[in-house]
Every structure is written in C-alpha cells, then in structure tokens.
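A short write-up of the structure that comes next.
For ligands, and for the atoms within them, numbers begin at 1 and follow the listed sequence. Since the structure is predicted, the reported quantities are computational estimates derived from the model, not experimental observations.
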Amino acid sequence: MLTLFHAPKSRSASIVWLLEELGVPYETKVVNIRRADGSGGRNPTNPHPHGKVPCLEHDGQPVFEIAAITLYLTDLFPDAKLAPRVGDPKRGEYLSWLAYRPGVLEPAMMMRRLSVTHVQGAMGWAEAGEVEEVLNSALSRRKYLLGDEFSAADISVGGTINFLMSFKLMNETPVLRDYAARITARPAFKRMTERDGA
Ligand SMILES: N[C@@H](CCC(=O)N[C@@H](CS)C(=O)NCC(=O)O)C(=O)O
C-alpha cells in the first residue's frame, strides 16, 4: 500500500499529481505542517524526519524528498512511461532535472525572493536570472523537458515553474507560459487541483 502524507496547497501536491498520472491506488493522510505565516505545527504521525510533506510510505517504509519520491514511484511503475528506464539515453537528463528542482531552481528563486545576495562560485546553485535563462532555453527547443514526451520531470520542475510564475516569483515569458499551460491542461493535474481546492 502507498500512503502519502500530504498537506493541501503545499509541495506534496506534486506527488498527488504524479500518483494521479500513474493511475495507481494510493491513500493520503492529510497532516498539519508548519506554515510560513507561523501557523500550523508538526504532526507526530508524519514519518518525515523534519515533519515536512511530502512523505511517502510504501508497505511501512518511508521515502522523503520530492526528487527521491518521484524517482521511487516512476521506477516502481515503469509501465506508466513517465520516466526513461535505466539504460535509456534520456535517463541521465531525467535524473538531472529531478535534482535540479530542489538543488538549483528552488534555492535560486527563494534567494531572490528574500533579497539574499548570490555569490557566484560560492553557492551550490546558480543565480536566479541564469536559472531562468537555462529553463527558457531548454523549453524553447522542446515541448517538454525531455523532448516530445511528457515525463515526471515536467511534474516536478514544470509544476514548480507554474507555481512560481503564478506567485510572481519567476518572470513569465511566452515560452514558460505556453509550457505551463500545456502541462496544467492534463486531466491528472486538474484532478489534483480539484481535490485540494487549489
Ligand atoms: N526539500 C523538500 C521540501 C519539503 C518542504 O519543505 N515542504 C514544506 C511544504 S511546501 C513543508 O512541509 N513545510 C513544513 C516545515 O518546514 O515544517 C522536498 O523536496 O520534499
């Protein structure tokens, strides 16, 4: 059994969207989390070591961090064709984009939002404007991050782009706007937003 520890209107929506795309049975446990406005708090039943969401439990074993959960699920259900398999030439690119969201995209945009100075060469991620250039360049040449086929990388990175643009935390461009429209038109995305009231 797959159990997702989930909080509406949070990063765990990414995994709800993925589970809906996979079309596999799962249950969600809605848990309280600490919110940026100071409300909320940790839920002691959430197995995530920091009390964050998402956290997935598969037959009692926890998996945490979106990149790990996404990879875990797409490996568990390869027939859903949401990720290149081991040995596929696109596998490296897929893994790179999964790591890019929490390792580069999120810290870059958060730093800019908080007006923290980026020190080139010292940070483990690139400056926000450079990240936007990379994403615009990749998506101006392709329909999806891996080419013509939608993959779970589009849920993770694309979902973040959509979220950041809607909150004006990322500069909207025609390339990114069209891409966001493409991925959010998917029925599984709509099912996710309907269930969270997002
Ligand atoms: N790096 C984590 C981030 C998870 C995260 O920060 N989730 C937020 C919700 S959007 C959370 O649970 N915040 C509550 C807290 O920090 O205690 C991942 O990618 O899974």
Side-chain angles (χ1 to χ4, degrees), residues 2-22 26-58 60-77 82-83 93-114 116 118 123-126 128 131 134-135 145 151-170 180 183-184 188-189 191-198:
L2 293 167
T3 303
L4 177 68
F5 290 81
H6 170 61
K9 300 186 191 343
S10 80
R11 285 174 177 84
S12 56
S14 187
I15 303 301
V16 174
W17 181 6
L18 174 58
L19 287 160
E20 289 292 331
E21 292 278 358
L22 290 168
Y26 68 98
E27 61 170 20
T28 51
K29 282 195 181 158
V30 173
V31 290
N32 208 8
I33 53 167
R34 294 171 290 203
R35 298 281 182 175
D37 62 3
S39 66
R42 284 179 75 149
N43 183 312
T45 66
N46 181 356
H48 191 293
H50 296 283
K52 287 175 177 277
V53 293
C55 187
L56 182 76
E57 236 179 23
H58 183 207
Q61 296 299 315
V63 190
F64 50 91
E65 287 293 318
I66 288 172
I69 299 170
T70 302
L71 182 59
Y72 187 90
L73 286 172
T74 53
D75 279 357
L76 195 60
F77 301 105
L82 284 172
E93 208 175 358
Y94 173 62
L95 299 181
S96 304
W97 285 122
L98 290 193
Y100 193 85
R101 170 187 174 167
V104 181
L105 174 57
E106 286 191 1
M109 298 306 152
M110 193 54 77
M111 275 190 71
R112 183 168 65 187
R113 161 87 178 81
L114 298 174
V116 178
H118 184 275
M123 306 299 198
W125 53 87
V131 172
V134 165
L135 289 169
L145 282 167
S151 77
D154 297 299
I155 297 176
S156 192
V157 175
T160 306
I161 291 172
N162 181 55
F163 172 85
L164 290 167
M165 284 196 310
S166 63
F167 284 89
K168 309 269 179 251
L169 297 172
M170 197 171 174
I183 61 172
T184 58
F189 179 87
R191 286 197 294 278
M192 177 273 286
T193 54
E194 277 160 19
R195 97 173 249 143
D196 273 6

Go through ligand 1 atom by atom and flag the ones less than 4.0 Å from a non-hydrogen atom of P54.
20 (O)
Would you say that L19 contacts E21 through its side chain, given a criterion of any heavy-atom pair below 4.5 Å between the two side chains?
no
L4 side chain near P54 side chain, heavy-atom distance below 4.5 Å:
yes
Which heavy atom of the protein is the closest neighbour of atom 3 (C) of ligand 1, given with residue, atom name and distance?
R11 CD, 3.7 Å
Protein contact of atom 17 (O) of ligand 1 - nearest heavy atom, named by residue and atom, plus distance
R34 NE, 2.7 Å
Whether W97 and Y100 hold their rings parallel, tilted or perpendicular, with breakpoints at 30° and 60°
perpendicular
With a 6.0 Å cut-off on ring centres, are Y72 and H58 close enough?
yes
Sole residue of V16, I15, T184 in side chain to side chain contact (heavy atoms under 4.5 Å, CB included) with M192
V16
Considering heavy atoms of the protein only, find what lies nearest to atom 20 (O) of ligand 1 and give residue, atom and distance to 0.1 Å.
I66 N, 3.0 Å
Nearest protein heavy-atom contact for atom 16 (O) of ligand 1: which residue, which atom, what distance?
K52 NZ, 2.8 Å
For atom 7 (N) of ligand 1, which protein heavy atom lies nearest, and how many Å away is it?
V53 O, 2.8 Å
Please say which of L2, L82, L76 ends up in a side chain to side chain contact (heavy atoms under 4.5 Å, CB included) with L22.
L82
of all protein heavy atoms, closest to atom 1 (N) of ligand 1 is E65 OE1, 2.8 Å
